Amino acid sequence: MLTGDIPPSQTIYIKNLNEKVKKEELKRSLYCLFSQYGRILDVVALKTRKLRGQAWVCFSEVMAASNAVRQMQGFPFYEKPMRIQYAKTKSDCLVEAEGNWDPNAKKKKKQEEKAERKRRAEEAQQSATANGTTTESGRGPASFRQGNRGEQETAPPNNILFIQNLPYETSSMMLQVLFQQYPGFREVRMIEAKPGIAFVEYEDDVQSSMAMQALQGFKITPQNPMVITYAKK
DNA sequence: AGCACA
């Protein structure tokens, strides 16, 4: 079974994520992409050796999670198809909300302590070897495409957005309604000969970025999550 | 591949 026989829950577990993407960007992008299914209570992603390439997105409703598991299965995200399942255990944010801090959470505490100890040991190791790997290659803001070696696939942030994966029947009017909600909107351009794509222009790149963040992954139909990148100039 | 709450 695709979901690995794990019963439905409010939280989805995503793996096969691109490990090169910085944690904060990853969380933001996941938030953008999945908020179309419902209210998101929390996004968790860690970059530890055991946990990188994975994330948890916790919804306020099980139905939202179910739709996300089905519809976003295999969605190409930073060049890798997402593998989505339900999470095996309940998210802390939910336990907290229900006021169910079970008194005998000893096992968990033990695990935490173990993890903590491990982490400290790793830290000690790192400072001992003293390698300055503090900076990850700082690239432009959220685009789901990660520019990879040599090839200039990713356009730098600019005031024009390139929209892909639109249903063929999309009109520029429909897009205008969506995109004009965000400040700095100028116009939508579509090309008759090329259905499924569009360009949306804003006054500047900050405003275009805000719209990108807000509408990334937005679905005009369930099969068509928008893929928004900066236009190549 | 890998199921946590940095």
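None of these values were measured; they are calculated from a predicted model. Throughout, a chain's letter reflects where its sequence line sits, starting with A, and its residues are numbered from 1.
Set against dA4(B), dA6(B), dG2(B), the side chain of Thr11(A) has dA4(B) as its closest nucleotide. Of the candidate nucleotides dG2(B), dC3(B), dA6(B), dG2(B) has the atom lying nearest to any side-chain atom of Lys15(A). If you check dA6(B), dC5(B), dC3(B) against the side chain of Lys88(A), the one that comes closest is dC3(B).
By the rule that hydrophobic residues join a cluster once side-chain heavy atoms approach within less than 4.5 Å of another member, Val44(A) and Met82(A) end up as members of separate clusters.
Between Asn16(A) and Lys80(A), the side chains place a donor N or O and an acceptor N or O closer than 3.5 Å (distance only, hydrogens not considered). Between the side chains of Gln213(A) and Tyr31(A), not a single donor N or O lies within less than 3.5 Å of an accepting N or O.
Backbone-only engagement by Leu51(A) is indicated by non-hydrogen atom pairs under 4.0 Å involving sugar-phosphate atoms exclusively.
Judged by distance alone, with hydrogens and angles left aside, Ser91(A) brings a side-chain donor or acceptor within reach of the base of dA4(B), the pair sitting under 3.5 Å. Judged by distance alone with a 3.5 Å cut-off, a donor-acceptor contact links the side chain of Glu19(A) to the base of dA1(B).
The distance from atom CG of Leu26(A) to atom P of dA4(B) is 17 Å, rounded to the nearest whole Å. With rounding to whole Å, Arg49(A) atom CZ is found 15 Å from dA4(B) atom P. Rounded to whole Å, the distance from CD1 on Ile6(A) to P on dG2(B) is 11 Å. For Ile14(A) and dC3(B), the CD1 to C1' distance is 12 Å, given to the nearest whole Å. For the pair Lys23(A) NZ and dC5(B) P, the computed distance is 11 Å after rounding to whole Å. Atom CD1 in Ile84(A) sits roughly 17 Å away from atom P in dG2(B) (whole-Å rounding). If you measure from atom OH of Tyr13(A) to atom C1' of dG2(B), you get 5 Å, rounded to the nearest angstrom. Atom CZ of Arg52(A) and atom P of dG2(B) are 15 Å apart (whole Å).
A salt bridge links Arg189(A) with Glu201(A): the closest approach of a Lys/Arg side-chain nitrogen to an acidic carboxylate oxygen falls below 4.0 angstrom.
For the pair Lys80(A) and Leu46(A), both in contact range of DNA chain B, the more 5′-proximal nearest nucleotide belongs to Lys80(A). Judged by closest nucleotide on DNA chain B, Gly53(A) is the one of Gly53(A) and Lys27(A) placed further toward the 5' end.
No more than 12 heavy atoms of other residues, nucleotides or ligands lie within 6.0 Å of NZ in Lys194(A), so this atom counts as exposed by the packing criterion.
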